[in-house]
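Quantities reported herein were computed from a predicted structural model and do not represent experimental measurements.
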Amino acid sequence: MTHETPFTWEPFLRDWSGEWADSLTDDATRPPADESARRDRWLGFPGASEERIAALEKRLGRRLPPSYRDFLAVSDGWRHAGGFITLLAGTAEVRWHEDASGLAETFEDFLDEDPGPEELRAVEAWRRGLQLDVESDATHVVLDPGDDGDEDGEWAVYSWASWRAAPPERFPDFAAFMRSMHRQFHSLRARTADGEPEFVNATTRRLDAQVEEARVRALSGDWERAERALDEAKEYDRPRAAGLGDQIRRLLGRTYLVYYEDLVIDPRYAPELLPPLVAEHVARGHGDDYLLTHHLRGAADDVVALAYTLLERVRAGTYRYTAAGAFGEAVDRARESARWGDTDGAWRTLTDALPLWQPLGPDHVAPLGWVADPLLGPLLTPERGRALLSTPRGGQTGAPHVDAPPVDPGGLSWLADPDAPGDHASYRFVLVEDVEPRDLPGRLADGEDAALDDPMNSYETRIRWLAERRKLSTCDDRALMAVGRAGARWSFAFDSGSTHLTPQRFVSPAAAATVGADSRAVAVWGSLRATHGDPFFHLSVARGGAELYAFTYADGEVRRSGPIPPSLDPDRYFAAEDGPDRHFTVQDGPDRFIAAEEGPDRFSVSRSPEEPAGTAAVGAERALLAAVAAEFGVHLPRHAITRGRLHTFITRSWARPPQEGESHAVNRFGWHPN
């Protein structure tokens, strides 16, 4: 394989020299060598002859890597390589560095106990490399013959500056290093000060046209090519490139160093770009709001005021994203779906309306304010971000939209998956038929508790529950539950991390949830995998205020009542030690089935012959949950429960009061006076 570069040295260096010369003022005083270079429009020197290059190789005892060798033949050295290297070595100046800078010893002190090959190379480069910097602003550059992984014989370049808080920067070869220095020169000269010539040349014109083409590509759904083009232009610090590229990066979940540049302070775009910037500031827990306003320097007073208003609303959880036209109407519908847990439906609503979305101006390539909305923001995943960006919008056409796969697995058995998001080793939930989620408190709570609180995520729910509990009683087991829809005709109330069931005092909420209604309610409480306490599982079903059937597995025994359907018969899931082996299949969602095998020593479940069987607890629990889902046609939305925000309320106690002669304990909590 022969070595190739995306350019030849002569035109590249000539263009660079001309751009440098044109960026200088006529009346400035500069060193004679620089003045001569400006006049000649050439930053280099006469090329080195083959004999001179061969003599250098003989002196060094090594053949030079191709890209540096070819460079020397065109220019024997270089002035102003970027902004901090005044003179780069030619054949007369290049020499072995031999750690003259002391950097090998410095970086060696920072090595881990078991450093990797890349870390070791970054140390040894300073001992064995060729020094290329002759005059610089505390910047060191070496060619490392020990880092020659390129089959073309190229050596890597390492560069480090004392004023940069970062490890050495590595370039695969000398040509890549010089291209980077050319980009650095452009980046430093792109924003000219008063009195300086306008920085316009063939490179800037090409890149600015590339930015505009990328903007159109982004709107047409070709975001990958758009991102690559914008990234290149950003490295040259071309206007608009960072602001447009940051919109793509944010929807892909890349929030680091995403500030939308000058677009965020433009009054046209601030309503869309400020909310995600503010939301990320809040999510990172920054208490010093100067870090936010630092990115708003140069903004008008009304933009700064909007930023502080958004900051207050995002912190309070009251920010609501709005948009114009048909897309805005879809946003409202999507928020209502997300509010009750249907995150997949909410996402479909948003993306179905996306072709109708219109940008706020020519530099707006996607709706972004919604990611700061407390109900809509949790909808975003990297896969969904890619799907959104792939959808033509803003009046552009492109390839047909392909949606991201649903994030919810359906059914209930995901609760038994140890690898599922969240900690669901213990949980309880109530499913109520033909009742809206907003009406569940009226069926499962009393008095002041019979009302929904504002939507909260699972972490906020748990913190609030712990903060408000002032007493802990063995006979008062109320639950703070999140609510939503569990199917076409079902609503759910769900609590994760619940306390331990006491069979003697347990009161199922199912019957009370159906008083005065000819509908069913299902109560489930599972803790087969909990690390504290004995495993247990409870299921009860009621209709019209009366319990139809129920069973509780606890202390190694099953207690049952009523005619339990065969599919839910606990004997299928909790066999006696000497019971016969049994085989059966349980539906796990609308199109999935799991095969289960129950034996005398354990219960095992597998989704396919290739998948290992689970443990007894996981297998029984998964099969039971799948059977409940199939029996009633219900599901719990995993994404909404683990990542989203749902309304909550506090139920009645799941434990009856103590009877005469029964003991119970009450622990009270209060704030310490100090």
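Within the 6.0 Å centre-distance limit, the rings of Tyr236 and His182 are counted as a close aromatic pair. Ring pair Trp357/His364: centre-to-centre distance below 6.0 Å. Ring pair Trp42/Trp20: centre-to-centre distance not below 6.0 Å. Phe107 and Trp160 have their aromatic ring centers within a separation under 6.0 angstrom.
Between Gly153 and Pro66, the shortest heavy-atom distance links the atoms O-CD, 3.5 Å. Taking each heavy atom of Ala270 and Val264 in turn, the nearest pair found is CB-O, 3.7 Å. Annotation for Arg643 and Pro378: closest pair O-CB, 3.4 Å, computed over non-hydrogen atoms. When all heavy atoms of Ala190 and Asp237 are compared, the closest pair comes out as CB-O, 3.6 Å. The two residues Ala89 and Leu72 come nearest to each other via the heavy atoms O-CD2, 4.4 Å. When all heavy atoms of Leu350 and Ala334 are compared, the pair lying nearest together is CG-CB, 3.8 Å.
Within the structure, side chain to side chain donor-acceptor pair (under 3.5 Å) pairs that include any residue of residues 84-95 comprise Arg52-Thr91, Asp76-Thr91, Arg95-Gln131 (at least two apart or interchain).
With hydrogens and angles disregarded, a donor-acceptor distance shorter than 3.5 Å links the side chain of Asp173 to the backbone of Ala176. Not one N or O on the side chain of Tyr260 forms a donor-acceptor pair closer than 3.5 Å with the backbone of Asp246. With His97 contributing its side chain and Val141 its backbone, the two residues share no donor-acceptor pair below 3.5 Å. Using a distance-only test at 3.5 Å, with no hydrogens or angles considered, a donor-acceptor pair links the side chain of Ser390 to the main chain of Arg386. In this structure, Glu272 contributes its side chain and Gly369 its backbone to a donor-acceptor pair below 3.5 Å.
Classified by interplanar angle (parallel below 30°, tilted 30° to 60°, perpendicular above 60°), the ring pair Tyr68/Phe71 is parallel. Under the 30°/60° scheme for interplanar angles, the aromatic rings of Phe12 and Trp9 are found to stand perpendicular. Taking the six-membered ring for Trp and thresholds of 30 and 60 degrees, Tyr259 and His295 have nearly parallel ring planes, at less than 30 degrees apart. Trp163 and Phe84 have tilted rings, their planes meeting at an angle from 30° to 60° on a 0 to 90° scale.
The pair Arg240-Glu212 counts as a salt bridge, with a side-chain nitrogen and a carboxylate oxygen less than 4.0 angstrom apart. Ion pairing between a basic and an acidic side chain is recognised when a charged N comes within 4.0 Å of a carboxylate O; Glu124 and Arg121 show no such pairing. Note on Glu235 versus Arg179: no salt bridge recorded, every NZ/NE/NH1/NH2 to OD/OE distance being 4.0 Å or above. Ion pair Arg38/Asp26 flagged as a salt bridge, since at least one NZ, NE, NH1 or NH2 atom sits closer than 4.0 Å to an Asp/Glu carboxylate oxygen. Ionic pairing of Glu50 and Arg69 is present here: one or more N-O contacts between side-chain nitrogen and carboxylate oxygen are shorter than 4.0 angstrom. A salt bridge is absent between Arg128 and Asp99: the closest approach of a Lys/Arg side-chain nitrogen to an acidic carboxylate oxygen does not fall below 4.0 angstrom. Between Glu224 and Arg228 there is no salt bridge, since no side-chain N of the basic residue sits under 4.0 Å from a carboxylate O of the acidic one. Electrostatic pairing of Arg41 and Glu19 does not count as a salt bridge here, judged by no charged N lying under 4.0 Å from a carboxylate O.
Between Glu57 and Arg62, the closest side-chain pair of non-hydrogen atoms is not below 4.5 Å. Side-chain atoms of Arg268 and Pro362, non-hydrogen and from C-beta on, do get closer than 4.5 Å to each other.
Partners of Trp96 under the ring-ring contact (aromatic ring centres under 6.0 Å, His included) rule, at least two apart in sequence or in another chain, do not exist in this structure.
Side-chain atoms of Ser136 and His140 include no donor-acceptor pair closer than 3.5 Å. Side-chain contact of Asp289 with Tyr308: a donor-acceptor pair under 3.5 Å is absent, judged by distance alone. Donor-acceptor pairing under 3.5 Å is lacking for the side chains of Ser23 and Glu196. Using modelled atom types, one finds a donor on one side chain and an acceptor on the other under 3.5 Å when comparing Thr255 with Arg284. No side-chain donor from either of His186 and Arg189 sits under 3.5 Å from a side-chain acceptor of the other.
Each of Phe327, Tyr319, Trp347 was compared with Trp370 under the ring pair (Phe, Tyr, Trp, His ring centres under 6.0 Å) criterion, and only Trp347 meets it.
Atom CG of Leu251 sits about 13.0 Å away from atom CZ of Arg384, to the nearest 0.5 Å.
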Passes salt bridge (charged side-chain N to carboxylate O under 4.0 Å, His left out), Glu261 versus Lys234? Steps please. CA-CA 11 Å; Glu261 295 298 329; Lys234 179 185 176 183; over 6 Å; no
Go through it in stages, so that I can follow the logic: the residues are Asp332 and Arg335, the test is salt bridge (charged side-chain N to carboxylate O under 4.0 Å, His left out), and I'd like the CA-CA distance, side-chain angles, deciding distance and then a yes or no. CA-CA 5 Å; Asp332 295 338; Arg335 183 184 294 107; 3.4 Å; yes
